[in-house]
*Asks:* 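Would you mind keeping the following structure in view while I ask a few things?
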Amino acid sequence: YAWDRSPAVRMQVLQAYADRPIWLVDGPTVTHAGYAVVAGPLSAAEVARRYTERVFRRPNLKNLNVNKAFGIQQATADWVFYLDPDEVITSALAAEIRTVIDAEPPQNAFRLPRRNHFFGTWLRHGGPYPDYQLRLFPRGKAWFPCKHVHEKLEVDGAVGTLREGMDHFTNPTPAEAFRKLDFYSTFNAELWALEGRRPTPWMAVRWLARKPILRFLRRYGLKRGFRDGWAGLAVAVLDGMELQMRFLKFAYLAAHPEALPAKPAPPASPARPLRFKLSSAARTALSCSDITGWRLDFWLHAFTSALSERG
């Protein structure tokens with residue numbers, strides 16, 4: 001959805017790196033009521049193909065990291081930098097990335113600061129800045145566990161830090177903010193319910209009152225979110241609302257388990273057990289693929305990783 005609502009941001013992202021980009025385009029699948037992919041005058045695929053033919057159309061899954069893991073698997077360059085469609089690499093950051101890669105660093109991944117823009121305002125104070133993001137790594141040295149929508153990359157080795165940051169144009173309008181609020185609160189509530197957790201009175205007090213109040217006081221007061229203007233007030237309020245909505249949806253799902261989404265069927269076990277140990281990256285490739293179907297490249301990656309470990 002962010003493609004069609006942020007054309008200026010979209011073009012900056014496409015032009016930042018034109019060497020060997022890979023674009024994953026959301027398909028028509030609706031992940032939750034009211035959270036659909038909105039069509040525009042030009043589809044994301046049409047725009048992306050002006051810069052590369054490596055465009056893959058994938059279902060818009062609830063666990064966003066599944067598609068991110070798929071995109072990493074398609075990379076052929078020595079280094080990978082993954083970027084969401086509402087994020088922008090600045091010219092200063094692009095120059096630093098090239099300098100770091102040319103230096104052949106000993107680190108196996110790099111994190112960088114991210115400036116979050118809410119309603120068009122950079123949340124310098126009340127937001128999570130510097131909000132370090134782990135995005136740059138040599139191919140094969142980092143991977144997604146694919147367990148949660150906000151799961152972080154796992155890295156095989158040391159992690160460095162870049163000086164320059166990127167821009168994140170999240171929630172440009174109130175409608176977008178409420179749409180994401182609905183999506184993330186539903187995802188987290190379903191996760192709790194599928195884990196077998198049960199709501200309790202003390203849990204209700206924590207998530208409906210204590211946590212939202214403390215979160216608001218921290219963002220708006222201690223971090224001086226009031227200096228970010230109306231955007232700072234809005235993000236402090238909405239942050240607490242997500243916690244409240246999460247618990248209310250969780251309590252409903254606990255009382256109405258029939259409303260829970262069906263769990264994906266696990267892949268069939270091989271006829272004979274594997275006699276070698278898979279690397280973490282290989283296991284991740286296999287675990288992420290069971291949602292969208294087995295692929296030959298995942299098996300090849302697992303097999304070659306196992307051979308390298310044995311050698």
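None of these values were measured; they are calculated from a predicted model.
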*Asks:* Given side chains that start at C-beta, do those of Leu194 and Leu260 come closer than 4.5 Å, heavy atoms only?
*Replies:*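 Yes. Closest side-chain heavy atoms under 4.5 Å.
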*Asks:* Please list, chain by chain and in numerical order, all residues satisfying side chain to side chain contact (heavy atoms under 4.5 Å, CB included) with Tyr252, sequence neighbours excluded.
*Replies:*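 With sequence neighbours excluded, Tyr252 shows a side chain to side chain contact (heavy atoms under 4.5 Å, CB included) to His256, Ala259, given in chain and number order.
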*Asks:* Please check if the number of heavy atoms outside Glu104 that lie under 6.0 Å from its CD is greater than 12.
*Replies:*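 No, the 6.0 Å shell around CD holds no more than 12 heavy atoms from other groups.
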*Asks:* Do the side chains of Gln107 and Val159 get nearer than 4.5 Å, heavy atoms only?
*Replies:*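 They are not in contact (no side-chain heavy atoms under 4.5 Å apart), so the answer is no.
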*Asks:* Would you say the side chain of Trp122 lies within less than 4.5 Å of the side chain of Asn116, judging by non-hydrogen atoms?
*Replies:*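 A side-chain contact under 4.5 Å is absent here.
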*Asks:* List the atom pairs, with distances to 0.1 Å, where a side-chain N or O of residues 196-213 and a protein N or O form a donor-acceptor pair under 3.5 Å, not counting sequence neighbours.
*Replies:*
unit_1 : atom_1 : unit_2 : atom_2 : d
Arg198 : NH1    : Ala254 : O      : 3.3
Thr200 : OG1    : Met203 : N      : 3.1

*Asks:* Can you see which heavy atom on Gly232 is nearest to which on Val235, and at what distance?
*Replies:*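 Closest approach of Gly232 to Val235: O-CG1, 3.3 Å.
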*Asks:* Do Asp156 side-chain atoms and Lys141 backbone N/O form a donor-acceptor pair below 3.5 Å?
*Replies:*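 Absent.
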*Asks:* For the residue pair Phe169 and His117, categorise the inter-ring angle as parallel (less than 30°), tilted (30 to 60°) or perpendicular (more than 60°).
*Replies:*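 Answer is parallel, since the angle falls under 30°.
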*Asks:* Do Met241 and Leu214 share a hydrophobic cluster (ILVMFWY, side-chain heavy atoms under 4.5 Å, transitive)?
*Replies:*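 No: no chain of side-chain contacts under 4.5 Å links Met241 to Leu214.
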*Asks:* With hydrophobic residues grouped by side-chain heavy-atom distances under 4.5 Å, do Leu238 and Tyr220 end up in a single group?
*Replies:*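 Yes; tracing contacts between hydrophobic side chains, which count when under 4.5 Å, links both residues.
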*Asks:* Do Thr161 and Phe110 have side-chain heavy atoms sitting under 4.5 Å apart?
*Replies:*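 Side chain of Thr161 against side chain of Phe110, heavy atoms only: no contact under 4.5 Å found.
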*Asks:* Is the CZ atom of Arg218 crowded by more than 12 outside heavy atoms at less than 6.0 Å?
*Replies:*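 No, because the 6.0 Å sphere around CZ of Arg218 holds 12 heavy atoms or fewer from other groups.
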*Asks:* I need the minimum non-hydrogen distance between Tyr132 and Pro113, along with the two atoms involved.
*Replies:*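 Smallest interatomic distance, heavy atoms only, reads CD2-N, 3.6 Å.
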*Asks:* Should Arg219 and Asp239 be marked as a side chain to side chain contact (heavy atoms under 4.5 Å, CB included) after you check the CA-CA gap, both sets of side-chain angles, and the distance that decides it?
*Replies:* CA-CA 9 Å; Arg219 278 189 177 273; Asp239 196 24; 2.7 Å; yes
*Asks:* Measuring from Met166:CE to Phe81:CZ, what's the distance to the nearest 0.5 Å?
*Replies:*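 Answer for the CE-CZ pair, Met166 versus Phe81, is 5.0 Å.
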*Asks:* Locate the shortest heavy-atom distance separating Ala189 from Phe250; write the atom from each residue and the value.
*Replies:*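 The answer is CB-N, 3.5 Å.
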*Asks:* Without swapping roles, check the side chain of Glu154 against the backbone of Ala142 for a donor-acceptor pair under 3.5 Å.
*Replies:*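 No: the side chain of Glu154 does not pair with the backbone of Ala142.
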*Asks:* Any idea which heavy atoms bring Val155 and Leu134 closest together, and the distance?
*Replies:*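 Smallest interatomic distance, heavy atoms only, reads CG2-CD2, 3.3 Å.
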*Asks:* If I take atom CZ from residue Phe119 and atom OG1 from residue Thr170, how far apart are they, to the nearest 0.5 angstrom?
*Replies:*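 OG1 of Thr170 is found 9.5 Å from CZ of Phe119.
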*Asks:* Nearest 0.5 Å please: distance from the CD1 atom of Ile101 over to the CH2 atom of Trp79.
*Replies:*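 Between atom CD1 of Ile101 and atom CH2 of Trp79 there are 6.0 Å.
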*Asks:* May I ask you to decide if His125's main-chain N or O and Asp228's side chain share a donor-acceptor pair within less than 3.5 Å?
*Replies:*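 Yes.
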*Asks:* If you take the centroid of each ring, where Trp contributes its six-membered ring, are Tyr82 and Phe144 closer together than 6.0 Å?
*Replies:*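 Ring-ring flag for Phe144/Tyr82: true, centres closer than 6.0 Å.
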*Asks:* Is the shortest heavy-atom distance from the side chain of Asn171 to the side chain of Phe178 under 4.5 Å?
*Replies:*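 The answer is no, as the side chains (C-beta and beyond) never meet within the 4.5 Å cut-off.
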*Asks:* Which pairs, with at least one residue in residues 113-136 and sequence neighbours excluded, count as a salt bridge (charged side-chain N to carboxylate O under 4.0 Å, His left out)?
*Replies:*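 Applying salt bridge (charged side-chain N to carboxylate O under 4.0 Å, His left out) to every pair that reaches into residues 113-136, excluding sequence neighbours, yields Glu87-Arg114, Glu87-Arg135, Arg114-Asp131, Arg115-Asp167.
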*Asks:* Look only at the side chain of Glu96 and the backbone of Glu164, and say whether a donor-acceptor pair between them is shorter than 3.5 Å.
*Replies:*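 Pair found, side chain donor or acceptor close to backbone of Glu164.
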*Asks:* Applying side chain to side chain contact (heavy atoms under 4.5 Å, CB included), run through Phe137 and Leu153 and close with a yes or a no.
*Replies:* CA-CA 10 Å; Phe137 53 92; Leu153 275 171; 3.7 Å; yes
*Asks:* Look only at the side chain of Gln74 and the backbone of Phe70, and say whether a donor-acceptor pair between them is shorter than 3.5 Å.
*Replies:*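 Pair found, side chain donor or acceptor close to backbone of Phe70.
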*Asks:* Kindly work out whether a path of hydrophobic side-chain contacts (I/L/V/M/F/W/Y, heavy atoms less than 4.5 Å apart) joins Leu243 to Phe118.
*Replies:*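 No, separate clusters.
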*Asks:* What about Phe247 and Trp192, are their ring centers closer than 6.0 Å?
*Replies:*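 No, the ring centres sit 6.0 Å or more apart.
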*Asks:* Tyr129 versus Leu123: any side-chain heavy-atom pair under 4.5 Å?
*Replies:*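 No. Closest side-chain heavy atoms not under 4.5 Å.
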*Asks:* Between atom CG of Leu136 and atom CD1 of Ile89, what is the distance when rounded to the nearest 0.5 Å?
*Replies:*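 Result: 9.0 Å between the selected atoms.
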*Asks:* What pair of heavy atoms forms the shortest contact from Gly221 to Phe226, and how long is it?
*Replies:*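 Closest approach of Gly221 to Phe226, heavy atoms only: O-CE2, 4.2 Å.
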*Asks:* Can you measure from CZ (Arg246) to CD (Glu190) and round to the nearest 0.5 angstrom?
*Replies:*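 Going from CZ on Arg246 over to CD on Glu190, the span is 12.5 Å.
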*Asks:* Calculate, to the nearest 0.5 Å, the distance between atoms CZ and CG belonging to Phe183 and Asn188 respectively.
*Replies:*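 With rounding to 0.5 Å, CZ (Phe183) is 9.0 Å from CG (Asn188).
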